[in-house]
Every structure is written in structure tokens, then in C-alpha cells.
Amino acid sequence: MNSKLHYITFQKFPTISANSIQTIKMLKAFSKIGYDVELTFPNRAKNKISAESIYDFYNIREKISLNITKYYLPFDKINILNKFSYIVSHFLWSFWVVGKYFSKSNNSKNLFFTRSIWVLYLGSLFFSKKELYRSLRST
């Protein structure tokens, strides 16, 4: 299988949480069945994290590409209005990621997987807009 699977999430890595463990297990399973897997997530940790630290933490032996994006947004940095801050920073990060990474995907074998409602919503808007322009140009 030559399909590339992009798993985009707003989770924090490495942590011992059910969500992060589930994400890593999904990536391992996709890799084992032949997908070229890439995990994209923001570096929300206080210290700079590396791919090696994540591979060691979760004992990853499969081939999984990690795309750790920079994170300049206020969530986890300001302790005022945490829930609102989370929603706004999640939306802004998702908007940036969808704009940057979805626009590169010209290959029909690229698959996108997410558990983020904002990535799903913005990604579906992006692809429907792209399809609309494609259909208008062909007529």
C-alpha cells in the first residue's frame, strides 16, 4: 500500500493518558498494515520535545513520522479562562495546520485521520472548496 496517512491531533505528547496511548496504538496498527504514517501535533510541552523521546516513551518500533509543530498560542501559558483559551488556541492551531498541510496534499492517496473536531470541520471546508473550484474549472 502506498497510501500516506496523516494523523492530526491537538494532544500533548508524551503523556500517560488514555487519549495519547490510543493515538499511538492506532498509528502502530496503521503502520503494521502498510500505511506510511505521519503524526502531526503541537509542541505544547514546557520543554522542547524530540521525536526520539516520544519513540522511547511509547516504545515505538514501527516506522512513524512525527511532525511536531511550533506552538505559540496562549493555552497552557495563561491560567485565566482556561476553557475559553483552550477552544480558541485549538481553533487557531487547527486553522493553521489545515491551511499548511492540507494544501500540500495533491495526491489522492493521502488520507487524513483526526480526533479533533476543529481539524475535521476546517479540513472538510478546505476539501469541499477545493472540489468546487476543480469542478468549476472543468466546466
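Quick note: numbers below take in every heavy atom, side chains included, and nothing from hydrogens, waters or symmetry partners.
- A distance of 5.0 Å separates CD1 of Ile64 from CG of Leu27, quoted to the nearest 0.5 Å.
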Next item on the list: Determine, stepwise, if the pair His90 / Ser116 fulfils side chain to side chain donor-acceptor pair (under 3.5 Å).
Entry: CA-CA 9 Å; His90 186 177; Ser116 162; 2.7 Å; yes
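- The neighbour count for Phe91 CZ, taken as heavy atoms of other residues, nucleotides or ligands under 6.0 Å away, is above 12.
- Ring geometry for Tyr7 versus Phe113: interplanar angle of 30 to 60°, hence tilted.
- Within the 4.5 Å cutoff, the side chain of Lys4 has heavy atoms near those of the His6 side chain.
- Within a 6.0 Å sphere centred on CD1 of Ile21, other residues, nucleotides and ligands contribute more than 12 heavy atoms.
- In this structure, CG on Asn110 lies 9.0 Å from CG on Leu5, to the nearest 0.5 angstrom.
- Note that NZ of Lys100 and CG of Asn67 are 7.5 Å apart. Values are rounded to the nearest 0.5 Å.
- In this structure the side chain of Phe13 never reaches within 4.5 angstrom of the side chain of Ile68, judged on heavy atoms.
- Interatomic distance, Lys25 NZ to Phe30 CZ, rounded to the nearest 0.5 Å: 15.0 Å.
- Pairing each heavy atom of Val119 with each of Val98, the nearest pair is O-CG2, 4.0 Å.
- The shortest side-chain heavy-atom distance between Phe57 and Ile16 falls under the 4.5 Å cut-off.
- The six-membered or imidazole ring of Phe10 lies near that of Trp93, with a centre-to-centre distance under 6.0 Å.
- Using a 4.5 Å cut-off on side-chain heavy atoms (C-beta onward), Thr69 and Trp96 make contact.
- Counted by atom type alone, Ser50 and Tyr55 present zero donor-acceptor pairs between their side chains at under 3.5 Å.
- Nearest heavy atom pair, residue Trp118 against residue Ile87, reads NE1-O, 4.0 Å.
- Heavy atoms only, all atoms of each residue included: Thr114 and Ile8 are closest at OG1-O, 2.7 Å.
- Shown here for Lys48 and Asn43, the closest heavy-atom pair between the two residues is CA-ND2, 3.9 Å.
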Check: Could you walk me through whether Gln22 and Arg115 pass the side chain to side chain contact (heavy atoms under 4.5 Å, CB included) check?
Finding: CA-CA 11 Å; Gln22 186 272 342; Arg115 293 177 54 200; 2.8 Å; yes
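- With a 4.5 Å cut-off on side-chain heavy atoms, Ile60 and Ile24 count as touching.
- Residues Ile49 and Pro14 come closest through the heavy atom pair CG2-CD, 4.2 Å.
- Using modelled atom types and a 3.5 Å distance limit, the side chains of Ser20 and Thr15 yield a donor-acceptor pair.
- Between Ser31 and Val37, the shortest heavy-atom contact is N-CG2, 3.7 Å.
- By the 6.0 Å contact criterion, OH on Tyr121 is open, its count of non-hydrogen atoms from other residues, nucleotides or ligands being 12 or less.
- Between the CG atom of Asn19 and the CD atom of Gln11 there is a distance of 5.0 Å, given to the nearest 0.5 Å.
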